[in-house]
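Throughout, a chain's letter reflects where its sequence line sits, starting with A, and its residues are numbered from 1.
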There are 2 protein chains.
Amino acid sequence: MIPKPTNSWIEIRDAIHANILNKTYAAGDKLPRDQDLAQMLGCARSTVQRAMQDLSDRGLVERRRKGGTRIPQDPVTRATLEIPIIRKEVEQKGAVHGYQLINAEMLETPRNIMAGFGLPAPITALRVQALHLADQQPYLLEDRWINIQTVPGVTQIDFARENANEWLLRHKPYDKCDMRFYAIKAGKAEADLLAANLGDALFVIDRTTWINQNPITTVKTIAAPGYQLKTGS
Amino acid sequence: MIPKPTNSWIEIRDAIHANILNKTYAAGDKLPRDQDLAQMLGCARSTVQRAMQDLSDRGLVERRRKGGTRIPQDPVTRATLEIPIIRKEVEQKGAVHGYQLINAEMLETPRNIMAGFGLPAPITALRVQALHLADQQPYLLEDRWINIQTVPGVTQIDFARENANEWLLRHKPYDKCDMRFYAIKAGKAEADLLAANLGDALFVIDRTTWINQNPITTVKTIAAPGYQLKTGS
DNA sequence: GACAATATTAAGTAGCTACATAATAATGAT
DNA sequence: ATCATTATTATGTAGCTACTTAATATTGTC
């Protein structure tokens, strides 16, 4: 008995992918139309469509109506980062998560925060600074501004007990998120809090979230020395 | 005339997404089955399926056969990074790209490179060190090891003229890519080459690529001070 | 030749049926 | 009660038809 070709769209995708890898289809080339590929590979057009959609999502092919499918001239490396809540990240390393509130107060937003939020004038916002620990050791420093207009209930929360990272993600879903990654030199404040040396190179993630165009929060997370962010692909 | 509901799967997706955002479906909740949702929203099950597939890809819902669709307890922030070839990146900033080869030689792989490649014993590999410029200013320092077993033709290439980043991406597609991001303090070598000060915090990207389980290349790219990596989502 | 109007084309979408598969739930034997 | 077996179920996939849409080609006019 024939073991049934089980033409999953993944096999079709991999078959086309293999032809890209082995240069049957090289940069700039135009691929056959879906219908023809379907016939060549012995499957339905909808299966090729699904395979192509995936390849297109990964940036391996470019598709245009009427224009057909082509291999892009300049390949782009696409990486997906998964950033869990900090407690989970610590626990996944097999460590015990700890949390300390450093400061929480209402303040006028400085210019750089206004810029991140896309606001023309300063507003009063809740600034929360806190330290995350892994096995009692400093792990991440969190410097956060929360828009109290978008998150009204937030002023009632005791961030000495609740961790702002987790509280916001659980209670205030977002529909847009901007992130940026860079390196800074540890100043006195960061060095003290993170048990680092003055001048150490620290990895920083800036993140701003919105809901319906309204800024929710912007946070600067400074990692302790040695931190590495890895892709999961 | 009714303007026709044009039930695109995107509208269905957004309708479900809206119900997640407004807490109709909260963390831990189980959603109705696709068939029921389809009836509720007035579309076919296949349309709900497509919408759900997308929400699932974004980590907004978790789907399991028989188990149904649920909102995950701990939301994960998923960010997609697009890393173009360096020349493109420089040009996109409106600057002129320049390239200088620093050194290219055949060497035994040290332990850390072996580890990245997943090799038990050292091999002889091609090490290429080069500097990328933006408007004559140092932009990125590239320290690369190329596996000459996987990329045999590479020994013939004159990397004083051709830029390794581009040559490899164009001539040696990969099917697996690991990346990691971190910060380092500029040593004397980096400071000199990148026109930085000794001890400056520098942003680093490590990248290793494979084809059919065989390592192709591993590269450490050190950015000049001020570099930021941003998400495009 | 230059440009606007029109036709054609290949991907995209919606909806359908039928079946596969992996979990979970129910059942039965010990 | 415990464990293995079997049934059930909701999602996943393959394939089909029909129609839409955005580009690109073609044609026609000046």
Side-chain angles (χ1 to χ4, degrees), chain A residues 1-20 24-25 27-73, chain B residues 1-20 24-73 76:
Chain A
M1 193 163 117
I2 300 155
K4 203 184 185 192
T6 182
N7 266 332
S8 93
W9 64 272
I10 289 178
E11 288 177 55
I12 299 298
R13 179 199 63 190
D14 291 345
I16 299 168
H17 189 186
N19 278 332
I20 297 172
T24 303
Y25 306 130
D29 284 6
K30 188 167 159 182
L31 273 64
R33 18 193 294 252
D34 290 5
Q35 223 168 69
D36 296 340
L37 273 173
Q39 200 170 4
M40 287 156 68
L41 296 166
C43 67
R45 175 164 86 94
S46 54
T47 306
V48 173
Q49 162 80 20
R50 229 168 312 179
M52 282 296 194
Q53 202 51 257
D54 191 52
L55 292 171
S56 171
D57 286 347
R58 292 162 189 258
L60 288 163
V61 301
E62 263 174 9
R63 280 161 78 74
R64 320 174 62 169
R65 280 171 158 150
K66 163 86 183 177
T69 306
R70 334 185 124 264
I71 311 292
Q73 203 58 254
Chain B
M1 191 163 115
I2 301 156
K4 203 180 183 195
T6 182
N7 267 335
S8 92
W9 65 271
I10 290 179
E11 288 178 54
I12 299 297
R13 180 199 63 190
D14 290 346
I16 298 168
H17 189 187
N19 279 332
I20 297 171
T24 303
Y25 306 129
D29 284 6
K30 188 167 161 182
L31 272 64
R33 21 195 292 253
D34 291 5
Q35 222 168 71
D36 296 340
L37 273 173
Q39 200 169 4
M40 288 157 69
L41 296 166
C43 67
R45 175 165 88 94
S46 54
T47 307
V48 172
Q49 162 79 22
R50 229 168 313 179
M52 282 298 195
Q53 202 49 259
D54 191 51
L55 292 170
S56 171
D57 285 346
R58 291 162 190 258
L60 288 162
V61 301
E62 263 174 9
R63 280 160 78 73
R64 321 176 61 169
R65 280 171 158 152
K66 163 87 182 178
T69 307
R70 339 185 119 263
I71 310 292
Q73 204 58 253
V76 175

May I ask you to list the residues of residues 57-66 of chain A, by number, that have any heavy atom positioned under 4.0 Å from an atom of DNA chain C? A:R63, A:R64, A:R65, A:K66
Please name all residues satisfying side chain to side chain donor-acceptor pair (under 3.5 Å) with B:D34, sequence neighbours left out, ordered by chain then number. B:R63
Per atom distances to the B:S46 side chain, the nearest of D:dG15, D:dG12, C:dG15 is C:dG15
For residues 35-44 of chain B, run the donor-acceptor check on the side chains, cut-off 3.5 Å, and write out each pair with its distance to 0.1 Å, sequence neighbours left out.
{"unit_1": "B:Q35", "atom_1": "OE1", "unit_2": "B:R33", "atom_2": "NH2", "d": "2.8"}

A:R58: salt bridge (Lys or Arg N to Asp or Glu O under 4.0 Å) partners, not counting sequence neighbours: A:D54
Quick check on C:dA11: is either OP1 or OP2 less than 4.0 Å from any side-chain nitrogen or oxygen of A:T69? yes
Could you check which of C:dA11, D:dT13, C:dT13 has an atom nearest any side-chain atom of A:Q53? C:dT13
Separation of C:dC16 atom C1' from B:D34 atom CG, nearest Å, is 15 Å
Among residues at least two apart in sequence or on other chains, which ones pass salt bridge (Lys or Arg N to Asp or Glu O under 4.0 Å) with B:R70? none
Expressed in angstrom and rounded to an integer, what is the separation of A:L41 atom CG from D:dT13 atom P? 18 Å
Please compare A:A44 and B:M52 by the position of their nearest nucleotide in DNA chain D and report the one closer to 5'. B:M52
Using whole Å, what does the distance between atom P of nucleotide C:dG12 and atom CG of A:D54 come to? 13 Å
What is the separation between atom CZ on B:R33 and atom C1' on C:dA23, rounded to the nearest whole Å? 15 Å
Without decimals, in angstroms, what is the distance between B:Q49 CD and C:dT17 P? 16 Å
Applying salt bridge (Lys or Arg N to Asp or Glu O under 4.0 Å) to B:R45 and not counting sequence neighbours gives none
In Å, rounded to the nearest 0.5 Å, how long is the span from CE of A:M52 to CZ of A:R50? 14.0 Å
Whole angstrom is fine here: how far is it from CG in B:D14 over to C1' in C:dT13? 15 Å
Does any donor-acceptor pair link the side chain of B:R50 with the base of C:dG12 at a separation under 3.5 Å? no
How long is the line joining CZ of A:R45 and C1' of C:dA10, in whole Å? 8 Å
Rounded off to whole Å, could you give me the CD-to-C1' distance for the A:Q35 and C:dG12 pair? 14 Å
Starting from the C-alpha separation in whole Å, work towards a yes-or-no answer on side-chain contact (heavy atoms from CB on, under 4.5 Å) for B:I16 and B:L31. CA-CA 10 Å; B:I16 298 168; B:L31 272 64; 4.1 Å; yes
